[in-house]
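No experiment lies behind these values; they were computed from the predicted model shown. Chain letters run A, B, ... following the sequence lines, proteins first and then strands; every chain starts at 1.
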Amino acid sequence: MADDSSSSSTSATSAATKTEEKKSWADEAEDEAASATSAAAAEAEQPEELKKIETLSISDEKKEEGGGRLLEDPDDSEIKAETSGDTVYTSAVSFEDLSLSKELIKGLYVEMNFTKPSKIQAITLPMILTPPYLDLVAQAHNGSGKTTCFVLGMLSRVDPSQKTPQAICICPTRELAQQNQAVLMKMGKYTGITSFCAIPQDSANYIPITKCPPVTDQVVIGTPGTIKKWTSAKKLGTRDVKILVFDEADHMLAEDGFKDDSERIMKEIRRSSASCQVLLFSATFNETVKAFVSKVVIGGNKIFVKKEELTLEKVKQYKVQCPDELAKMDVIKTKIFEFGQKVGQTIIFVRTRNTASMLHETLRGEGYECTSVHGAQKQEDRDRIIKEFKDGLTTVLITTDLLARGFDQSQVNLVINFDLPVKYESPSDPDCEVYLHRIGRAGRFGRKGVVFNLLCTDRDKMIMEKIERHFNHFVKEVPNWRSDDDFEAAFKEAGLL
DNA sequence: AAAAAAT
């Protein structure tokens with residue numbers, strides 16, 4: 001649409017593909033917005049949900065000086081947030097409490113259809129938007145509205161009249177970068193703010209970076225390697241950057257994730273723009289990353305959630321004991337395709353790219369309609385398959401952990417772990433963080449969802465037990481993998497049939 | 001050659 005393309009960047013990444021892309025993401029964002037209201041309602045129904053966010057300050061010195069302020073909560077006086085420094089934050093009851101520009105308020109109500117801030121938004125937005133703009137690390141449940149927190153942060157800290165990059169957001173996958181940019185453009189539609197998506201270009205319309213004009217958009221969203229490429233080519237200035245966001249921050253700062261890239265980018269930006277505010281958002285922070293993160297945001301505000309309280313109650317989890325791999329296939333064909341069609345869209349997670357293609361081929365060969373997406377495919381193919389799924393043209397999507405994090409499609413009610421997520425270094429241990437992110441693809445904004453973990457070996461069984469123990473959450477077993485009735489009962493229990 | 005990014 002004309003509006004969209006004029007407000008977005010025309011630089012580098014294919015303008016044509018992007019515009020097309022944006023339309024699909026934007027359509028989706030409407031659904032997301034609509035469900036935000038129901039999320040608020042869902043939260044209201046369930047008061048114990050409110051106790052889930054536990055905030056704490058790790059900066060001891062500051063706490064003594066500032067005296068550890070209490071944060072007022074609009075919904076529940078039992079929530080106490082200790083913050084760092086002297087600033088007193090008042091949780092936002094409405095978006096009007098945040099002294100946002102009227103253009104931004106209009107975007108929130110008209111474009112996003114939001115009515116009031118979600119829990120995490122109410123708590124973090126004042127922290128993000130109140131001087132002296134302390135750093136923030138915030139953990140909140142999957143689908144609770146974290147994106148809005150940092151997108152709103154970026155949009156309101158940026159000066160639209162100044163044609164230089166002032167906000168940068170770094171994401172682990174190009175899909176997530178694009179999704180976040182789409183949300184930003186939609187929310188900021190009336191602000192005149194423009195954005196640039198710094199992700200690898202598709203081979204078809206590759207332009208060497210030396211031929212690209214420097215970035216003049218106020219907001220840059222992208223993946224680590226490409227951001228680095230643009231800055232070192234001196235095409236992306238970091239002098240005026242006021243706010244730096246890491247989405248899926250635990251992964252961005254993990255040793256086996258993007259730690260080196262992230263640290264380098266953070267250092268460089270802090271060198272050229274010392275007062276830059278750093279925001280770290282994720283649904284998961286394991287102990288190792290948490291310890292490291294606390295060193296990065298010294299004196300900042302910190303919000304963490306206990307791991308036992310992170311599992312989404314509205315997403316029912318099951319395990320299915322299958323005698324062999326063939327039985328797993330059979331469950332997909334006779335149960336998942338049968339019931340899945342009735343309850344919305346389905347994502348099937350597998351461990352490797354290879355399994356993704358093979359499973360796809362096998363199912364398609366037998367007439368089951370599905371698509372697959374993973375990192376070995378061409379960029380343009382990935383874009384197309386994601387768009388088809390977002391547009392609802394396809395209902396079953398097979399994927400790797402490419403889509404484990406952040407992928408937001410509210411119609412996804414069914415998630416299958418064809419393979420359980422395991423740690424690369426120790427394949428008999430589960431990757432509990434990835435597990436949580438995967439199941440979080442269902443149940444967006446407090447919706448109902450169901451997850452089936454297909455187990456086949458004793459090792460699978462043991463890994464599943466470890467996951468249950470980690471989250472202190474019992475996962476029910478589907479008694480008989482052959483039984484339609486057992487599956488039907490599971491779907492019904494999850495509230496989906 | 002585990003997913004991902006990117007060289």
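The side chain of A:Arg382 approaches B:dA5 more closely than any other nucleotide in the set B:dA5, B:dA2, B:dT7.
Among the protein residues, A:Lys229 comes within range of the sugar-phosphate backbone only, with heavy atoms under 4.0 Å from sugar or phosphate atoms but none that close to a base. Using a 4.0 Å heavy-atom criterion, one finds that A:His374 contacts the sugar-phosphate atoms exclusively. Residue contacts shown for A:Pro224 are absent, as no nucleic acid heavy atom lies under 4.0 Å away.
Taking atom CD of A:Glu425 as the reference point, atom C1' of B:dA1 lies 16 Å away to the nearest angstrom. Between A:Gln377 atom CD and B:dA3 atom P there is a gap of 12 Å when expressed in whole angstrom units. Whole-Å rounding puts the A:Phe258 CZ to B:dT7 P distance at 13 Å. B:dA5 atom P lies 13 Å from atom CD of A:Glu248, rounded to whole Å. For A:Leu402 and B:dA4, the CG to P distance is 5 Å, given to the nearest whole Å. Put simply, CG on A:Asp261 is 10 Å from P on B:dT7, counting in whole angstrom units. Atom pair A:Gln201:CD and B:dA5:P shows a separation of 15 Å (rounding to whole Å applied). Between the CZ atom of A:Arg264 and the P atom of B:dT7 there is a distance of 12 Å, rounded to whole Å.
Using a 4.0 Å cut-off between charged side-chain N and carboxylate O, A:Glu338 and A:Lys335 make no salt bridge. Salt bridge A:Asp261/A:Lys228: present, at least one basic N to carboxylate O contact under 4.0 Å.
Contact annotation: A:Arg405 side-chain N/O to B:dA3 OP1/OP2 distance is not under 4.0 Å. Residue A:Thr223 places no side-chain N or O under 4.0 Å from the OP1 or OP2 atom of B:dA4.
Between the side chains of A:Thr400 and A:His374, no donor N or O sits under 3.5 Å from an acceptor N or O.
A cation-pi contact links A:Lys259 to A:Phe292, judged by a cut-off of 6.0 Å to the six-membered ring centre and 45° from its axis.
Relative ring orientation between A:Phe150 and A:Phe281 is described as tilted, the plane-to-plane angle lying within the 30° to 60° band.
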